[in-house]
2 protein chains.
Amino acid sequence: MQISSRFSVAVHVLSLLALQQEDDVLLTSERMAGSVNTNPVVIRRLLGQLKKAGLVEVRPASGGTFLTRQPAAISLLDVYRAVEVVEEGQLFSVHDKPLQACLVGRNIQAALDTTLLRAQNALEQVLAGVTLQQVTTEILLQDKQAS
Amino acid sequence: MQISSRFSVAVHVLSLLALQQEDDVLLTSERMAGSVNTNPVVIRRLLGQLKKAGLVEVRPASGGTFLTRQPAAISLLDVYRAVEVVEEGQLFSVHDKPLQACLVGRNIQAALDTTLLRAQNALEQVLAGVTLQQVTTEILLQDKQAS
DNA sequence: CCTTAGTGTAACTATTGTAGTTACAGCTGT
DNA sequence: ACAGCTGTAACTACAATAGTTACACTAAGG
């Protein structure tokens, strides 16, 4: 099963925030939803998670959302964790209650555990090594190349 | 969202096959289901996938399933791919059809792509580095330590 | 001060993937 | 031939995702 698109949507939204111009019109959930191509409520729910993680500040009433840190200080792992794609250490789900009377049954979990954690860790470390800053730089670069 | 337990069940089943004694009674889907603590049909479906991937041979009628290769020649990545936990290169799902009129919208996918592939690759390489042999060795070791 | 635009959230729906279960046809070794 | 097992279809239950409507709440600006 796939990792929820909440993660890629979150990176999208944060990129919008990172690139927003001072003089620009406010980035409301409706605007962001337009860019992502989804429903404003989906964005607001997401912003709630990002806010809880301390990545953004949301002005309640007449709108506006802002990053609380520099884009260079936000890693994709921060985002990944913020949107709770997976509980920590739970990327792989393991069948529970194997037969304890069986050699394999009573030891498989412990035998697999380290490997699964290492695998998950390897993935997360890649995300930890990329910042929002790098993503927006890449966005600008891609756009220049395409034109 | 979590990676399906099909993967850990598959490793469990393959471990049973790797450790099965010649003189032992046949490993039927019912027996394996007992050890895993699930339904025989779930096991048979799984064996179907492992068979398709060429990892096991199933004797159709009066039972019995066997590995087609040495445990040392089967990596956890082989198993992971066999049970189709995720399509190749599709661990992360990305929201589709972002707004092309928007700078971020039209470049986010390309900008994220490399990173997501690298992350997924890092995970898979860990799995590629562990063999079924190592798992069964670990199972025996764990059991000795517990007793 | 009150209007207004936007947020926060509940509630519901549709869709998808997982997992368990029953049922039964098909195969094969003895 | 038959007993025992596999292969698979069909159904159920359940959980997560994602979209949508609706509406109470909040604060900034006239």
Side-chain angles (χ1 to χ4, degrees), chain A residues 1-10 12-13 16-17 20 24-53 56-66 80 83-87 90-98, chain B residues 1-10 12-13 17 20 25-53 56-66 80 83-87 90-98:
Chain A
M1 198 177 246
Q2 299 196 131
I3 288 174
S4 150
S5 69
R6 264 206 311 283
F7 174 65
S8 66
V9 172
H12 185 144
V13 164
L16 288 171
L17 294 172
Q20 85 179 305
D24 217 343
V25 259
L26 280 185
L27 271 179
T28 66
S29 62
E30 193 153 359
R31 271 173 182 282
M32 301 193 228
S35 173
V36 171
N37 185 31
T38 182
N39 193 288
V41 174
V42 172
I43 299 293
R44 282 183 231 148
R45 278 200 286 242
L46 190 60
L47 287 177
Q49 295 189 284
L50 296 177
K51 194 171 55 173
K52 209 164 77 180
V56 303
E57 181 197 345
V58 183
R59 305 272 163 80
S62 42
T65 304
F66 307 88
Y80 179 82
V83 298
E84 290 167 353
V85 175
V86 271
E87 299 273 308
Q90 305 283 316
L91 179 54
F92 291 89
S93 64
V94 177
H95 59 295
D96 61 331
K97 306 200 191 63
Chain B
M1 195 177 250
Q2 300 196 129
I3 288 175
S4 150
S5 69
R6 267 208 309 285
F7 174 64
S8 66
V9 172
H12 186 144
V13 163
L17 294 172
Q20 85 180 306
V25 258
L26 280 184
L27 270 179
T28 64
S29 63
E30 194 152 359
R31 271 174 182 282
M32 301 193 231
S35 173
V36 171
N37 185 30
T38 182
N39 193 287
V41 175
V42 172
I43 299 293
R44 282 183 232 148
R45 280 200 284 243
L46 189 61
L47 287 177
Q49 296 189 282
L50 296 177
K51 193 169 59 173
K52 208 163 79 179
V56 303
E57 182 197 343
V58 182
R59 304 272 161 81
S62 40
T65 303
F66 307 89
Y80 178 83
V83 298
E84 290 166 356
V85 175
V86 271
E87 300 273 310
Q90 304 285 317
L91 179 54
F92 291 87
S93 63
V94 177
H95 58 294
D96 60 332
K97 308 199 190 62

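So you know, we letter chains A, B, ... as the sequences are listed, proteins then strands, and number each from 1.
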**Student:** Measure the distance from CG on B/L47 to P on C/dA19 and round it to the nearest whole Å.
**Tutor:** 15 Å
**Student:** Taking CZ from B/R6 and P from C/dA19, how many angstroms apart are they, rounded to a whole number?
**Tutor:** 6 Å
**Student:** Give the minimum heavy-atom separation between A/E84 and A/Q49, together with the two atoms involved.
**Tutor:** OE1-NE2, 3.5 Å
**Student:** Using whole Å, what does the distance between atom P of nucleotide C/dT9 and atom NZ of A/K52 come to?
**Tutor:** 10 Å
**Student:** How long is the line joining CD1 of A/I43 and C1' of D/dG19, in whole Å?
**Tutor:** 12 Å
**Student:** Which atom names give the shortest non-hydrogen contact between B/M32 and B/L47, and what distance separates them?
**Tutor:** CE-CD1, 3.8 Å
**Student:** How far apart are the C-alpha atoms of B/I3 and B/V86, what are their side-chain angles, what is the distance that settles it, and do they pass the side-chain contact (heavy atoms from CB on, under 4.5 Å) test?
**Tutor:** CA-CA 8 Å; B/I3 288 175; B/V86 271; 5.8 Å; no
**Student:** Taking B/S5's backbone N and O only, do any of them form a donor-acceptor pair with A/S93's side chain (distance below 3.5 Å, no angle check)?
**Tutor:** yes
**Student:** Are B/S4 and C/dA19 close enough that a side-chain N or O sits under 4.0 Å from OP1 or OP2?
**Tutor:** yes
**Student:** Can you check whether B/T65's main-chain N or O pairs, donor with acceptor, with B/Q20's side chain at less than 3.5 Å?
**Tutor:** yes
**Student:** Within the structure provided, determine whether A/Q2 and B/M1 are in side-chain contact (heavy-atom separation under 4.5 Å).
**Tutor:** no
**Student:** Does C/dG8 have OP1 or OP2 sitting under 4.0 Å from an N or O in the side chain of A/K51?
**Tutor:** yes
**Student:** What is the distance from CD of B/Q2 to C1' of C/dA19, rounded to the nearest Å?
**Tutor:** 14 Å
**Student:** Expressed as a whole number of angstroms, how long is the span from A/L27:CG to C/dA5:P?
**Tutor:** 18 Å
**Student:** Between atom NZ in B/K97 and atom P in D/dG19, what is the gap in whole Å?
**Tutor:** 11 Å
**Student:** In terms of relative ring orientation, are A/Y80 and A/F7 parallel, tilted or perpendicular, with 30° and 60° separating the classes?
**Tutor:** perpendicular
**Student:** Can you tell which of D/dA16, D/dG7, C/dT18 lies closest to the side chain of B/M1?
**Tutor:** D/dA16
**Student:** Inspect the surroundings of CD in B/E57 and state if more than 12 heavy atoms from other residues, nucleotides or ligands are less than 6.0 Å away.
**Tutor:** yes
**Student:** Generate the contact string for nucleotides 20-28 of chain C. Rules: B means base contact, S means sugar-phosphate contact only, - means no protein heavy atom under 4.0 Å.
**Tutor:** BBBB---BB
**Student:** Looking only at side chains, do A/S8 and B/H95 share a donor and an acceptor under 3.5 Å apart?
**Tutor:** yes
**Student:** So what does B/S5 hit on the nucleic acid, given a heavy-atom distance under 4.0 Å: a base, only sugar-phosphate, or nothing?
**Tutor:** sugar-phosphate
**Student:** Note the angle between the end axes of the helix from C/dC1-D/dG30 to C/dT30-D/dA1, five pairs defining each, rounded to 10 degrees.
**Tutor:** 10°
**Student:** Once you round it to whole Å, what is the distance between C1' of C/dT16 and CG of B/D96?
**Tutor:** 15 Å
